[in-house]
Amino acid sequence: MAEFDILIRGGTLTDGRVADIGTRGDRIAAVGDLAGSTAGRVIEAAGDLVSPPFVDPHFHLDATLSYGTPRINASGTLLEGIALWGELKAQATVEEMVDRALSYCDWAVSMGLLAIRSHVDTCDDALKGVEALLHVRDRVKPWLDLQLVAFPQDGFFRDPTAQANTIRALDMGVEVVGGIPHFERSMEEGRASVRALCEIAAERGLLVDMHCDETDDPLSRHIETLAFETQRLGLQGRVAGSHLTSMHSMDNYYVSKLLPLMAEAGLAAIPNPLINIVLQGRHDTYPKRRGLTRVKEMQAHGITVGWGQDCVRDPWYSLGTADMLDVAFMGLHVAQMTAPEEMRRCFEMVTVENARILHLEGYGLHEGALASLVVLDAGDPVEAIRLRPDRLAVIAKGRVVAEKARNDSRLALDGRPASVRRRHRPRAAG
Ligand SMILES: [Zn+2]
């Protein structure tokens with residue numbers, strides 16, 4: 001009998017080590033020099049990057065792949081997107097939502113994206129999205145970890161039945177508490193919604209992830225209340241603020257007080273650079289604000305920051321491919337994270353840092369971890385962001401779930417190589 005079920009031979013790990021990885025069942029059984037070992041299946045990864053799977057900490061599976069129905073977002077703003085989603089969800093069926101979400105999960109698997117935190121709209125008396133995504137969560141469980149957030153899209157207080165429906169969604173098995181304080185009727189109601197939702201999470205022992213301050217208004221300061229309530233209720237390390245775009249426009253003195261409070265509360269931040277860069281700044285002429293939160297400054301305070309995808313082909317965003325490297329690429333540019341260690345950090349922000357935010361069990365490429373990984377046609381994490389390359393193999397919980405043949409461009413140029421891969425190692429100095 002073979003020693004391993006799968007042996008990935010000679011891959012370059014994200015820290016630069018070259019190692020073989022052997023899996024048995026759904027776990028990694030060994031990492032190191034496994035020359036001479038036998039395996040049911042061998043994957044040759046010599047020179048290729050082997051990474052733990054990509055993780056998306058912020059997505060909307062109930063809305064994805066609906067672009068154009070019933071119409072297109074003409075202004076490109078968050079608010080028109082919310083109105084458009086309101087029209088769409090009124091006519092959507094559970095079957096159609098399941099269908100779209102499963103299709104997106106297929107895309108995700110093909111890109112090595114094996115864990116997704118998806119918000120699910122709870123402002124619907126029929127809770128169609130909740131029913132659909134609970135079903136999808138079970139369906140994809142053998143290969144993809146789906147974590148659902150009860151998200152009162154139209155406002156926990158602003159929508160007349162959101163409170164009862166959000167509680168019902170949690171009772172049905174949705175596992176994270178969401179919110180949208182900047183969409184409530186007033187700052188005061190926004191604050192009250194943060195307080196009420198954090199109390200629900202504390203009572204039930206759940207994680208919190210709120211859409212927070214997704215606006216260019218520098219006075220949108222619900223993140224302050226989120227940090228305060230996290231402290232008060234002892235939820236440190238269990239709460240994330242998504243977007244936090246208003247921080248881009250806040251007064252520098254105020255932010256200098258805010259960041260230590262966020263760090264003290266153990267808050268995590270989830271900016272969504274593809275969406276933030278297209279939705280924010282829409283009310284500006286010039287100069288036009290980027291609307292991405294203060295990523296490097298938060299990291300300098302020890303705050304965990306993960307890049308999220310948020311939307312693919314929906315009322316808010318017309319593009320997207322389920323590639324977390326697109327997200328890292330955009331984030332790197334907009335946050336100007338161009339130093340070598342900052343670029344490497346951007347890769348960690350779509351892998352290990354997001355896994356930490358989701359509290360994923362068994363994540364990583366060490367003995368005993370889940371046998372979930374991705375082999376990329378790139379030499380290292382920064383090259384992966386630059387190329388956003390093919391995923392040559394994707395393994396989920398001990399099974400090869402996606403494969404793609406290496407696909408170099410063929411050239412027809414006199415006196416030049418016959419093919420090109422665009423991988424590049426800097427020449428050794430001296
Ligand atoms: Zn969102």
Side-chain angles (χ1 to χ4, degrees), residues 56-64 82 85-86 88-90 92 94 97-98 100-101 115-138 140-141 145-184 189-214 222 225-226 229-230 233 235 238-243 267-268 270 272 308-311 314 316 357-360:
D56 184 359
H58 190 116
F59 198 70
H60 294 266
L61 269 177
D62 49 3
T64 195
I82 293 174
W85 167 239
L88 172 60
K89 76 180 170 188
V94 173
M97 282 185 180
V98 167
R100 289 192 279 99
I116 299 173
R117 174 182 280 182
S118 175
H119 295 255
V120 51
D121 191 348
T122 55
C123 292
D124 159 28
D125 289 339
L127 289 180
K128 288 181 288 188
V130 172
E131 186 185 335
L133 294 194
L134 285 170
H135 174 74
V136 171
R137 188 179 69 184
D138 288 343
V140 301
K141 198 176 176 58
D145 289 313
L146 183 54
Q147 194 177 81
L148 299 178
V149 187
F151 174 47
Q153 169 80 73
D154 299 325
F156 189 62
F157 291 132
R158 185 168 168 178
D159 179 83
T161 51
Q163 294 181 59
N165 287 332
T166 302
I167 299 287
R168 270 175 60 215
L170 295 171
D171 288 342
M172 287 164 73
V174 172
E175 63 257 74
V176 182
V177 178
I180 185 164
H182 54 277
F183 195 69
E184 301 291 352
E189 287 219 319
R191 265 195 292 279
S193 77
V194 173
R195 188 177 315 128
L197 289 159
C198 285
E199 283 174 356
I200 291 169
E203 273 162 29
R204 294 173 174 242
L206 300 177
L207 303 179
V208 176
D209 186 342
M210 278 190 209
H211 286 64
C212 194
D213 303 325
E214 189 182 2
H222 297 294
T225 308
L226 191 59
E229 292 299 327
T230 299
L233 296 164
L235 293 171
R238 306 173 59 79
V239 177
S242 280
H243 296 297
L267 284 188
I270 306 172
N272 299 282
Q309 172 136 275
D310 201 1
C311 302
D314 70 8
W316 297 274
I357 292 172
L358 266 63
H359 291 221
L360 290 183

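With rounding to the nearest 0.5 angstrom, the CG atom of D154 is 9.0 Å from the OG1 atom of T122. In this structure, OG1 in T230 is found 4.5 Å from CG in L267, a value given to the nearest 0.5 Å. One finds the CG atom of L207 at 8.5 Å from the CD atom of E175 (value rounded to the nearest 0.5 Å). Here the CD1-OG distance, from I180 to S193, works out to 9.5 Å after rounding to the nearest 0.5 Å. E131 CD to M172 CE: the interatomic distance, rounded to the nearest 0.5 Å, is 6.5 Å. Rounded to the nearest 0.5 Å, atoms OG (S242) and CG (L226) are 10.0 Å apart.
By the 4.0 Å N-to-carboxylate-O rule, R204 lies close enough to D171 to be salt-bridged with it.
Shortest non-hydrogen contact noted between G155 and F183 is N-CD2, 4.2 Å. Shortest non-hydrogen contact noted between A169 and L127 is N-CD1, 4.1 Å. Across every non-hydrogen atom of I357 and A268, the tightest pair is CG1-CB, 3.8 Å. Considering all non-hydrogen atoms of both residues, A201 and V177 come closest at CB-CG2, 3.8 Å. Across all non-hydrogen atoms, the minimal contact from A101 to V136 is CB-CG2, 4.0 Å. Contact between A240 and I270 at its shortest, heavy atoms only, is CB-CD1, 3.8 Å.
No side-chain donor-acceptor contact under 3.5 Å links R195 to the backbone of T225. Side-chain atoms of Q147 come within 3.5 Å of backbone N or O of L358 as a donor-acceptor pair. Side chain of D159 to backbone of C123: no donor-acceptor contact under 3.5 angstrom is found. No side-chain donor-acceptor contact under 3.5 Å links K89 to the backbone of A63. Judged by distance alone, with hydrogens and angles left aside, the side-chain atoms of R168 form a donor-acceptor pair with the main-chain N or O of D125 at under 3.5 Å.
Centroid-to-centroid, the aromatic rings of H58 and H211 come within less than 6.0 Å. Here H60 and F151 bring their ring centres to under 6.0 angstrom of each other.
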Notebook entry, point to check: Please walk me through it: do M97 and L133 pass side chain to side chain contact (heavy atoms under 4.5 Å, CB included)?
Noted result: CA-CA 8 Å; M97 282 185 180; L133 294 194; 5.8 Å; no
Next item on the list: For V120 and L61, run side chain to side chain contact (heavy atoms under 4.5 Å, CB included): C-alpha distance rounded to whole Å, both residues' side-chain angles, the deciding distance at 0.1 Å, then the answer.
Entry: CA-CA 7 Å; V120 51; L61 269 177; over 6 Å; no
Margin query: Would E184 and R158 count as a salt bridge (Lys or Arg N to Asp or Glu O under 4.0 Å) here? Give the steps.
Written below: CA-CA 5 Å; E184 301 291 352; R158 185 168 168 178; over 6 Å; no
Note to self: V174 vs V149, test: side chain to side chain contact (heavy atoms under 4.5 Å, CB included). Steps then yes/no.
What the structure shows: CA-CA 6 Å; V174 172; V149 187; 5.6 Å; no
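Defined by atom type and a distance below 3.5 Å, a donor-acceptor pair is present between the side-chain atoms of H243 and N272. Using modelled atom types, one finds a donor on one side chain and an acceptor on the other under 3.5 Å when comparing W85 with D121. No donor-acceptor contact under 3.5 angstrom links the side chains of T64 and D314, judged on distance only. Side-chain N/O atoms of D124 and N165 include no donor and acceptor closer than 3.5 Å.
A 4.5 Å side-chain heavy-atom check between L206 and L170 finds at least one atom pair inside the cut-off. Under the 4.5 Å side-chain criterion, counting only non-hydrogen atoms from C-beta, L148 is in contact with L146. Taking the side chain as every heavy atom from C-beta outward, V208 and R238 never approach each other to under 4.5 Å.
When each of M210, E189, E214 is checked for a side-chain contact (heavy atoms from CB on, under 4.5 Å) with P181, only M210 meets the rule.
For the pair R117 and F59, the NZ or CZ position fails the cation-pi test of under 6.0 Å to the six-membered ring centre and within 45 degrees of the ring normal.
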